[in-house]
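These notes are about the structure you will find just below.
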Amino acid sequence: MIQLNDTHDPALRCWLASANHPDGDFPIQNLPIGSFKRRGSGEGLRGGVAIGDQILDLAAANGRVKFEGLAAEAVRAAAQSPLNSLMALGPPAWSALRRALSQALREGSAQQTALTPCLVPQDHAEHALPAIIGDYTDFYTSIHHATAVGRLFRPDNPLLPNYQWVPIGYHGRSSSIAVSGTDFRRPRGQTRSPGAAEPTLGPSRRLDCEVELGIYVGPGNRPGEPISMDAAESHIFGLCLLNDWSARDLQAWEYQPLGPFLSKNFATTVSPWIVTLEALAPFRAPLERPAGSPSPLPYLDSPGNRRQGAIDIQLDLAVQTRAMRERGMPAQRLSHSSYRHAYWTAAQLVSHHTINGCNLQPGDLLGTGTLSGPLPEEAGSLLELTAGGKVSIAVGDGESRTFFEDGDCAVIRGWCERAGARRIGFGEARACVDEASRV
Ligand code: MN
(Lines give C-alpha, C1' and ligand atoms only; values in the text may rest on other atoms or scores of the structure.)
Protein backbone atom coordinates (compact mmCIF):
# COMPACT_ATOMS: atom_id res chain seq x y z
CA MET A 1 0.00 0.00 0.00
CA ILE A 2 1.23 3.50 -0.84
CA GLN A 3 2.20 5.62 2.15
CA LEU A 4 1.42 9.29 2.59
CA ASN A 5 4.34 11.62 1.87
CA ASP A 6 5.01 15.33 1.43
CA THR A 7 3.18 15.41 -1.96
CA HIS A 8 -0.10 14.84 -0.06
CA ASP A 9 0.46 17.70 2.42
CA PRO A 10 -2.85 19.64 2.37
CA ALA A 11 -0.96 22.87 3.03
CA LEU A 12 0.99 22.64 -0.26
CA ARG A 13 0.18 25.48 -2.67
CA CYS A 14 0.92 25.85 -6.37
CA TRP A 15 2.36 28.98 -8.01
CA LEU A 16 -0.63 28.76 -10.40
CA ALA A 17 -3.49 30.51 -8.55
CA SER A 18 -6.33 28.46 -10.11
CA ALA A 19 -4.83 25.29 -8.59
CA ASN A 20 -5.38 26.65 -5.07
CA HIS A 21 -9.16 27.00 -5.28
CA PRO A 22 -10.54 24.77 -2.47
CA ASP A 23 -13.34 23.30 -4.63
CA GLY A 24 -11.14 22.59 -7.65
CA ASP A 25 -10.54 19.09 -9.00
CA PHE A 26 -6.87 19.61 -9.85
CA PRO A 27 -4.79 20.98 -6.98
CA ILE A 28 -1.07 20.22 -6.66
CA GLN A 29 -1.94 17.18 -4.50
CA ASN A 30 -3.68 15.48 -7.46
CA LEU A 31 -1.54 15.68 -10.67
CA PRO A 32 -3.59 13.32 -12.91
CA ILE A 33 -2.18 12.40 -16.32
CA GLY A 34 -3.85 12.39 -19.72
CA SER A 35 -3.20 12.72 -23.45
CA PHE A 36 -4.03 15.99 -25.22
CA LYS A 37 -3.33 18.59 -27.90
CA ARG A 38 -4.66 22.07 -28.60
CA ARG A 39 -8.18 21.71 -30.01
CA GLY A 40 -8.33 21.85 -33.80
CA SER A 41 -4.55 22.14 -34.12
CA GLY A 42 -2.25 19.95 -36.18
CA GLU A 43 -0.11 19.32 -33.11
CA GLY A 44 0.83 15.83 -32.04
CA LEU A 45 -0.77 14.28 -29.00
CA ARG A 46 1.37 14.23 -25.89
CA GLY A 47 1.08 13.62 -22.17
CA GLY A 48 -0.07 16.36 -19.85
CA VAL A 49 -0.89 16.86 -16.19
CA ALA A 50 -4.00 18.72 -15.08
CA ILE A 51 -3.17 21.58 -12.71
CA GLY A 52 -5.86 24.10 -11.78
CA ASP A 53 -7.61 25.19 -14.98
CA GLN A 54 -4.48 24.43 -17.06
CA ILE A 55 -2.57 21.45 -18.45
CA LEU A 56 1.16 21.20 -17.91
CA ASP A 57 2.46 20.03 -21.31
CA LEU A 58 4.96 17.32 -20.37
CA ALA A 59 6.62 17.27 -23.81
CA ALA A 60 7.30 21.00 -23.52
CA ALA A 61 8.33 20.68 -19.87
CA ASN A 62 10.77 17.91 -20.74
CA GLY A 63 12.59 20.31 -23.07
CA ARG A 64 12.75 23.20 -20.61
CA VAL A 65 13.47 21.58 -17.24
CA LYS A 66 16.16 19.03 -16.42
CA PHE A 67 14.65 16.13 -14.50
CA GLU A 68 16.92 13.67 -12.69
CA GLY A 69 17.11 9.88 -12.39
CA LEU A 70 13.88 7.90 -12.45
CA ALA A 71 11.87 11.11 -12.84
CA ALA A 72 13.73 11.88 -16.08
CA GLU A 73 12.87 8.42 -17.43
CA ALA A 74 9.23 8.85 -16.38
CA VAL A 75 8.92 12.34 -17.93
CA ARG A 76 10.29 11.04 -21.23
CA ALA A 77 7.63 8.30 -21.23
CA ALA A 78 4.89 10.71 -20.11
CA ALA A 79 5.80 13.24 -22.81
CA GLN A 80 4.56 10.81 -25.46
CA SER A 81 1.10 9.61 -26.37
CA PRO A 82 -0.20 6.99 -25.77
CA LEU A 83 1.04 6.54 -22.21
CA ASN A 84 1.46 2.75 -22.22
CA SER A 85 5.24 3.01 -21.80
CA LEU A 86 4.78 5.20 -18.70
CA MET A 87 2.30 2.65 -17.35
CA ALA A 88 4.84 -0.13 -17.91
CA LEU A 89 7.51 1.59 -15.76
CA GLY A 90 5.91 0.82 -12.39
CA PRO A 91 5.41 2.59 -9.05
CA PRO A 92 8.97 3.83 -8.31
CA ALA A 93 9.05 5.76 -11.62
CA TRP A 94 5.46 7.04 -11.23
CA SER A 95 6.29 8.19 -7.71
CA ALA A 96 9.49 9.93 -8.84
CA LEU A 97 7.49 11.76 -11.53
CA ARG A 98 4.86 12.85 -9.00
CA ARG A 99 7.51 14.13 -6.58
CA ALA A 100 9.38 16.02 -9.31
CA LEU A 101 6.20 17.67 -10.62
CA SER A 102 5.01 18.48 -7.10
CA GLN A 103 8.31 20.22 -6.35
CA ALA A 104 8.38 22.06 -9.69
CA LEU A 105 4.82 23.36 -9.26
CA ARG A 106 5.08 24.48 -5.61
CA GLU A 107 5.05 28.12 -4.64
CA GLY A 108 8.62 29.35 -4.61
CA SER A 109 9.85 26.73 -7.10
CA ALA A 110 12.87 27.74 -9.18
CA GLN A 111 11.18 26.06 -12.20
CA GLN A 112 8.18 28.43 -12.31
CA THR A 113 9.69 30.65 -15.02
CA ALA A 114 10.66 27.68 -17.20
CA LEU A 115 7.31 25.91 -16.82
CA THR A 116 4.91 28.84 -17.19
CA PRO A 117 5.12 28.73 -21.04
CA CYS A 118 4.33 24.97 -20.87
CA LEU A 119 0.77 25.59 -19.62
CA VAL A 120 -2.18 25.09 -21.98
CA PRO A 121 -5.68 26.16 -20.83
CA GLN A 122 -7.92 23.12 -20.38
CA ASP A 123 -10.62 25.05 -22.29
CA HIS A 124 -8.36 25.04 -25.37
CA ALA A 125 -7.49 21.33 -25.27
CA GLU A 126 -8.90 18.20 -26.83
CA HIS A 127 -8.19 14.80 -25.39
CA ALA A 128 -7.50 11.35 -26.75
CA LEU A 129 -7.63 8.04 -24.93
CA PRO A 130 -4.58 8.08 -22.65
CA ALA A 131 -3.50 4.56 -23.63
CA ILE A 132 -3.86 1.96 -26.31
CA ILE A 133 -6.30 -0.25 -24.43
CA GLY A 134 -5.44 -3.76 -25.57
CA ASP A 135 -8.09 -5.47 -23.50
CA TYR A 136 -11.08 -4.29 -21.50
CA THR A 137 -12.74 -6.32 -18.77
CA ASP A 138 -15.87 -5.21 -16.95
CA PHE A 139 -16.64 -6.49 -13.44
CA TYR A 140 -19.73 -6.40 -11.20
CA THR A 141 -18.29 -5.33 -7.85
CA SER A 142 -21.29 -3.61 -6.25
CA ILE A 143 -23.35 -6.14 -4.30
CA HIS A 144 -26.06 -3.47 -4.04
CA HIS A 145 -26.25 -3.20 -7.84
CA ALA A 146 -26.13 -6.99 -8.28
CA THR A 147 -28.92 -7.44 -5.74
CA ALA A 148 -31.12 -4.64 -7.13
CA VAL A 149 -30.78 -5.84 -10.73
CA GLY A 150 -31.16 -9.48 -9.67
CA ARG A 151 -34.39 -8.59 -7.87
CA LEU A 152 -35.88 -7.23 -11.11
CA PHE A 153 -35.36 -10.61 -12.79
CA ARG A 154 -35.58 -12.98 -9.79
CA PRO A 155 -37.59 -11.43 -6.92
CA ASP A 156 -37.18 -14.47 -4.66
CA ASN A 157 -33.50 -15.10 -5.35
CA PRO A 158 -31.83 -11.80 -6.28
CA LEU A 159 -28.19 -12.62 -5.53
CA LEU A 160 -26.70 -15.68 -7.23
CA PRO A 161 -24.70 -17.98 -4.92
CA ASN A 162 -21.33 -17.37 -6.62
CA TYR A 163 -21.43 -13.61 -6.06
CA GLN A 164 -19.78 -13.58 -2.62
CA TRP A 165 -17.02 -15.95 -3.71
CA VAL A 166 -15.93 -14.97 -7.20
CA PRO A 167 -15.54 -11.45 -8.66
CA ILE A 168 -17.97 -11.70 -11.58
CA GLY A 169 -16.79 -10.19 -14.86
CA TYR A 170 -16.94 -10.45 -18.64
CA HIS A 171 -14.57 -9.51 -21.42
CA GLY A 172 -15.68 -6.26 -23.01
CA ARG A 173 -14.64 -4.55 -26.22
CA SER A 174 -11.89 -1.93 -26.42
CA SER A 175 -12.51 -0.57 -29.95
CA SER A 176 -15.59 1.39 -28.84
CA ILE A 177 -14.07 2.96 -25.72
CA ALA A 178 -13.95 6.73 -26.29
CA VAL A 179 -12.81 9.71 -24.29
CA SER A 180 -15.31 12.08 -22.67
CA GLY A 181 -17.01 14.38 -25.19
CA THR A 182 -17.35 11.70 -27.86
CA ASP A 183 -21.04 11.26 -28.73
CA PHE A 184 -22.40 8.01 -30.15
CA ARG A 185 -25.40 6.71 -32.06
CA ARG A 186 -28.17 4.86 -30.33
CA PRO A 187 -27.56 1.15 -30.91
CA ARG A 188 -29.83 -1.03 -32.99
CA GLY A 189 -30.39 -4.64 -32.20
CA GLN A 190 -32.70 -7.54 -31.66
CA THR A 191 -35.29 -7.28 -28.95
CA ARG A 192 -38.30 -9.34 -28.08
CA SER A 193 -41.29 -7.68 -26.46
CA PRO A 194 -42.99 -9.52 -23.58
CA GLY A 195 -45.48 -11.99 -25.02
CA ALA A 196 -44.24 -11.63 -28.60
CA ALA A 197 -43.50 -14.83 -30.49
CA GLU A 198 -40.53 -13.45 -32.44
CA PRO A 199 -37.90 -10.74 -31.97
CA THR A 200 -37.64 -7.62 -34.11
CA LEU A 201 -34.72 -5.38 -35.15
CA GLY A 202 -34.79 -1.74 -34.19
CA PRO A 203 -33.22 1.07 -32.17
CA SER A 204 -32.83 0.26 -28.47
CA ARG A 205 -35.67 1.75 -26.43
CA ARG A 206 -34.06 1.08 -23.05
CA LEU A 207 -30.69 2.83 -23.34
CA ASP A 208 -29.03 3.10 -19.94
CA CYS A 209 -25.76 4.22 -18.33
CA GLU A 210 -23.59 2.53 -15.71
CA VAL A 211 -21.59 4.66 -13.26
CA GLU A 212 -18.24 2.93 -12.91
CA LEU A 213 -14.56 3.55 -12.35
CA GLY A 214 -11.93 2.36 -14.82
CA ILE A 215 -8.68 0.86 -13.55
CA TYR A 216 -5.64 1.18 -15.86
CA VAL A 217 -3.15 -1.67 -15.57
CA GLY A 218 0.51 -0.73 -15.12
CA PRO A 219 3.18 -3.43 -15.49
CA GLY A 220 1.67 -6.68 -16.68
CA ASN A 221 2.39 -10.29 -15.75
CA ARG A 222 3.76 -13.17 -17.76
CA PRO A 223 1.31 -15.86 -18.91
CA GLY A 224 0.90 -18.48 -16.23
CA GLU A 225 2.20 -16.23 -13.43
CA PRO A 226 -0.65 -14.89 -11.28
CA ILE A 227 -0.38 -11.57 -9.42
CA SER A 228 -0.66 -11.96 -5.63
CA MET A 229 -2.80 -9.73 -3.44
CA ASP A 230 0.35 -8.19 -1.93
CA ALA A 231 1.67 -7.25 -5.39
CA ALA A 232 -1.67 -6.35 -7.01
CA GLU A 233 -1.63 -2.58 -6.41
CA SER A 234 1.87 -2.24 -7.88
CA HIS A 235 0.23 -3.35 -11.17
CA ILE A 236 -2.36 -0.53 -11.07
CA PHE A 237 -1.39 2.79 -12.68
CA GLY A 238 -4.51 4.73 -11.75
CA LEU A 239 -8.25 5.24 -11.99
CA CYS A 240 -10.65 7.15 -14.25
CA LEU A 241 -14.43 7.63 -14.51
CA LEU A 242 -16.19 5.16 -16.80
CA ASN A 243 -19.70 4.96 -18.25
CA ASP A 244 -20.56 1.47 -19.49
CA TRP A 245 -23.47 2.39 -21.79
CA SER A 246 -25.97 -0.47 -21.85
CA ALA A 247 -28.99 -1.31 -24.02
CA ARG A 248 -31.20 -3.10 -21.50
CA ASP A 249 -33.70 -4.44 -24.05
CA LEU A 250 -30.96 -5.97 -26.18
CA GLN A 251 -29.32 -7.29 -23.01
CA ALA A 252 -32.46 -9.03 -21.72
CA TRP A 253 -32.88 -10.94 -25.00
CA GLU A 254 -29.25 -11.91 -25.62
CA TYR A 255 -27.56 -12.36 -22.23
CA GLN A 256 -28.23 -16.03 -21.63
CA PRO A 257 -26.17 -18.17 -21.66
CA LEU A 258 -22.89 -16.30 -22.40
CA GLY A 259 -23.52 -12.85 -20.92
CA PRO A 260 -23.78 -9.39 -22.51
CA PHE A 261 -22.59 -8.93 -26.11
CA LEU A 262 -24.06 -6.25 -28.43
CA SER A 263 -25.94 -4.66 -25.52
CA LYS A 264 -22.70 -3.24 -24.13
CA ASN A 265 -20.00 -3.15 -26.82
CA PHE A 266 -21.23 -0.13 -28.85
CA ALA A 267 -19.93 2.65 -26.58
CA THR A 268 -17.97 3.06 -23.36
CA THR A 269 -17.04 6.57 -22.16
CA VAL A 270 -13.95 7.31 -20.05
CA SER A 271 -12.79 10.57 -18.46
CA PRO A 272 -9.54 11.97 -19.92
CA TRP A 273 -7.57 12.14 -16.67
CA ILE A 274 -6.05 9.18 -14.84
CA VAL A 275 -5.76 9.80 -11.09
CA THR A 276 -2.85 7.74 -9.76
CA LEU A 277 -3.17 5.39 -6.80
CA GLU A 278 -0.58 7.53 -5.02
CA ALA A 279 -2.84 10.60 -5.30
CA LEU A 280 -5.68 8.51 -3.84
CA ALA A 281 -3.65 7.39 -0.79
CA PRO A 282 -5.34 9.81 1.68
CA PHE A 283 -8.77 8.40 0.78
CA ARG A 284 -8.24 4.70 1.46
CA ALA A 285 -10.79 2.98 3.66
CA PRO A 286 -11.31 -0.44 5.28
CA LEU A 287 -13.03 -3.06 3.14
CA GLU A 288 -16.49 -3.29 4.71
CA ARG A 289 -18.94 -5.99 3.69
CA PRO A 290 -22.53 -6.70 4.69
CA ALA A 291 -22.90 -8.76 7.90
CA GLY A 292 -22.72 -12.49 7.28
CA SER A 293 -20.50 -12.23 4.17
CA PRO A 294 -18.09 -15.19 3.94
CA SER A 295 -14.33 -14.65 4.13
CA PRO A 296 -12.84 -14.72 0.63
CA LEU A 297 -10.58 -17.56 -0.45
CA PRO A 298 -6.94 -16.87 0.59
CA TYR A 299 -5.84 -15.80 -2.90
CA LEU A 300 -8.34 -12.91 -2.65
CA ASP A 301 -7.47 -11.89 0.89
CA SER A 302 -4.71 -9.95 2.63
CA PRO A 303 -4.45 -7.94 5.85
CA GLY A 304 -3.67 -4.77 3.89
CA ASN A 305 -6.71 -5.28 1.68
CA ARG A 306 -8.99 -5.69 4.69
CA ARG A 307 -7.47 -2.67 6.43
CA GLN A 308 -7.49 -0.22 3.50
CA GLY A 309 -8.38 -1.98 0.25
CA ALA A 310 -11.34 0.31 -0.42
CA ILE A 311 -11.18 3.89 -1.73
CA ASP A 312 -13.71 6.57 -0.83
CA ILE A 313 -14.36 8.14 -4.24
CA GLN A 314 -17.60 10.14 -4.43
CA LEU A 315 -19.55 9.64 -7.64
CA ASP A 316 -22.32 11.71 -9.19
CA LEU A 317 -24.57 10.81 -12.11
CA ALA A 318 -26.29 13.70 -13.92
CA VAL A 319 -28.36 14.10 -17.10
CA GLN A 320 -28.78 17.03 -19.44
CA THR A 321 -31.50 16.75 -22.07
CA ARG A 322 -31.42 18.62 -25.38
CA ALA A 323 -34.14 20.98 -24.10
CA MET A 324 -32.12 21.66 -20.94
CA ARG A 325 -29.06 22.42 -23.04
CA GLU A 326 -31.02 24.78 -25.30
CA ARG A 327 -32.32 26.66 -22.25
CA GLY A 328 -28.88 26.90 -20.69
CA MET A 329 -29.83 24.60 -17.79
CA PRO A 330 -26.95 22.63 -16.22
CA ALA A 331 -26.96 18.84 -15.97
CA GLN A 332 -29.28 17.61 -13.22
CA ARG A 333 -28.01 15.19 -10.58
CA LEU A 334 -29.82 11.84 -10.55
CA SER A 335 -27.82 9.95 -7.96
CA HIS A 336 -24.76 10.02 -5.71
CA SER A 337 -22.67 7.20 -4.28
CA SER A 338 -19.13 6.16 -3.36
CA TYR A 339 -16.68 3.52 -4.53
CA ARG A 340 -16.15 2.51 -0.89
CA HIS A 341 -19.33 0.39 -1.04
CA ALA A 342 -17.79 -2.03 -3.58
CA TYR A 343 -17.77 -5.67 -2.48
CA TRP A 344 -14.51 -6.47 -4.29
CA THR A 345 -11.50 -4.12 -4.24
CA ALA A 346 -9.27 -3.15 -7.17
CA ALA A 347 -6.51 -5.45 -5.83
CA GLN A 348 -8.92 -8.38 -5.71
CA LEU A 349 -9.91 -7.77 -9.34
CA VAL A 350 -6.25 -7.91 -10.44
CA SER A 351 -5.52 -11.05 -8.41
CA HIS A 352 -8.66 -12.80 -9.58
CA HIS A 353 -8.13 -11.83 -13.23
CA THR A 354 -4.68 -13.47 -13.22
CA ILE A 355 -5.23 -16.48 -10.92
CA ASN A 356 -5.79 -18.71 -13.96
CA GLY A 357 -2.58 -17.49 -15.58
CA CYS A 358 -4.21 -14.82 -17.75
CA ASN A 359 -1.67 -12.13 -18.61
CA LEU A 360 -2.53 -8.45 -18.17
CA GLN A 361 -0.66 -5.81 -20.18
CA PRO A 362 0.16 -2.13 -19.59
CA GLY A 363 -2.85 -0.03 -20.60
CA ASP A 364 -5.44 -2.76 -20.13
CA LEU A 365 -8.62 -1.39 -18.60
CA LEU A 366 -10.72 -3.00 -15.86
CA GLY A 367 -14.20 -1.59 -15.21
CA THR A 368 -15.44 -1.90 -11.64
CA GLY A 369 -19.06 -2.52 -12.63
CA THR A 370 -21.94 -0.22 -11.71
CA LEU A 371 -21.10 1.38 -8.35
CA SER A 372 -24.49 1.56 -6.68
CA GLY A 373 -24.59 2.20 -2.94
CA PRO A 374 -26.93 0.61 -0.39
CA LEU A 375 -29.67 3.26 -0.67
CA PRO A 376 -32.13 3.63 -3.59
CA GLU A 377 -30.89 7.17 -4.33
CA GLU A 378 -27.34 5.80 -4.61
CA ALA A 379 -28.09 3.71 -7.71
CA GLY A 380 -25.64 4.02 -10.59
CA SER A 381 -28.02 3.14 -13.44
CA LEU A 382 -31.44 4.24 -14.70
CA LEU A 383 -32.54 0.59 -14.58
CA GLU A 384 -32.34 0.80 -10.78
CA LEU A 385 -33.46 4.44 -10.40
CA THR A 386 -36.64 3.75 -12.41
CA ALA A 387 -37.36 0.26 -11.01
CA GLY A 388 -36.79 -1.38 -14.36
CA GLY A 389 -38.41 1.45 -16.34
CA LYS A 390 -41.66 1.50 -14.31
CA VAL A 391 -41.12 4.80 -12.45
CA SER A 392 -40.16 7.87 -14.47
CA ILE A 393 -37.82 10.59 -13.19
CA ALA A 394 -38.69 14.29 -13.51
CA VAL A 395 -35.89 16.15 -15.32
CA GLY A 396 -35.34 19.69 -16.56
CA ASP A 397 -38.37 21.88 -17.14
CA GLY A 398 -41.32 19.47 -17.12
CA GLU A 399 -39.64 16.54 -18.88
CA SER A 400 -39.44 12.97 -17.64
CA ARG A 401 -37.23 9.98 -18.35
CA THR A 402 -37.13 6.26 -17.74
CA PHE A 403 -34.22 5.65 -20.14
CA PHE A 404 -32.05 7.96 -22.29
CA GLU A 405 -33.66 9.70 -25.26
CA ASP A 406 -31.91 11.09 -28.34
CA GLY A 407 -30.07 14.31 -27.50
CA ASP A 408 -29.59 13.39 -23.83
CA CYS A 409 -26.13 13.62 -22.29
CA ALA A 410 -24.98 11.63 -19.27
CA VAL A 411 -22.35 13.23 -17.06
CA ILE A 412 -20.40 11.31 -14.41
CA ARG A 413 -18.28 13.28 -11.95
CA GLY A 414 -15.97 11.96 -9.26
CA TRP A 415 -13.96 13.43 -6.39
CA CYS A 416 -12.44 12.62 -3.00
CA GLU A 417 -12.70 14.69 0.14
CA ARG A 418 -12.18 14.16 3.84
CA ALA A 419 -11.06 16.16 6.85
CA GLY A 420 -7.29 16.64 6.96
CA ALA A 421 -6.75 16.06 3.24
CA ARG A 422 -6.87 18.27 0.17
CA ARG A 423 -9.93 17.60 -2.03
CA ILE A 424 -9.01 16.09 -5.40
CA GLY A 425 -11.25 15.38 -8.40
CA PHE A 426 -11.49 13.27 -11.53
CA GLY A 427 -13.14 15.86 -13.80
CA GLU A 428 -15.99 14.34 -15.77
CA ALA A 429 -16.97 11.64 -18.25
CA ARG A 430 -19.63 13.02 -20.55
CA ALA A 431 -21.26 11.71 -23.72
CA CYS A 432 -24.50 12.37 -25.59
CA VAL A 433 -26.80 10.06 -27.52
CA ASP A 434 -27.44 10.71 -31.22
CA GLU A 435 -30.31 9.15 -33.12
CA ALA A 436 -29.81 5.62 -34.43
CA SER A 437 -28.41 5.20 -37.92
CA ARG A 438 -30.81 4.21 -40.72
CA VAL A 439 -30.53 0.68 -42.02
MN1 MN B 1 -20.86 -2.50 -16.53
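Ligands are counted one by one from 1 in listed order, and the atoms in each one are counted from 1 as well.
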### Message
Around the Mn ion (ligand 1), how many protein N, O or S atoms are found at less than 2.8 Å?
### Response
4
### Task
List for me each residue that meets ring-ring contact (aromatic ring centres under 6.0 Å, His included) alongside W253, sequence neighbours excluded, and say none if there are none.
none
### Query
Is a side-chain N or O of R248 found less than 3.5 angstrom from the main chain of F403, in a donor-acceptor match?
no
Output side-chain donor-acceptor pairs under 3.5 Å for residues 46-55, partner residues at least two apart or in another chain, one line each.
from : atom 1 : to  : atom 2 : distance (Å)
R46  : NE     : D57 : OD2    : 2.9
R46  : NH1    : E43 : OE1    : 2.7
R46  : NH1    : G44 : O      : 3.1
R46  : NH2    : E43 : OE1    : 3.2
R46  : NH2    : D57 : OD2    : 2.9
D53  : OD1    : S18 : OG     : 2.9

#### Entry: Min side-chain heavy-atom separation D408-R322 under 4.5 Å
no
#### Entry: Lys/Arg N to Asp/Glu carboxylate O, D301 vs R306, below 4.0 Å
yes
### Query
How would you list all residue pairs meeting disulfide (SG to SG under 2.5 Å) that involve residues 339-412, not counting sequence neighbours?
C409-C432
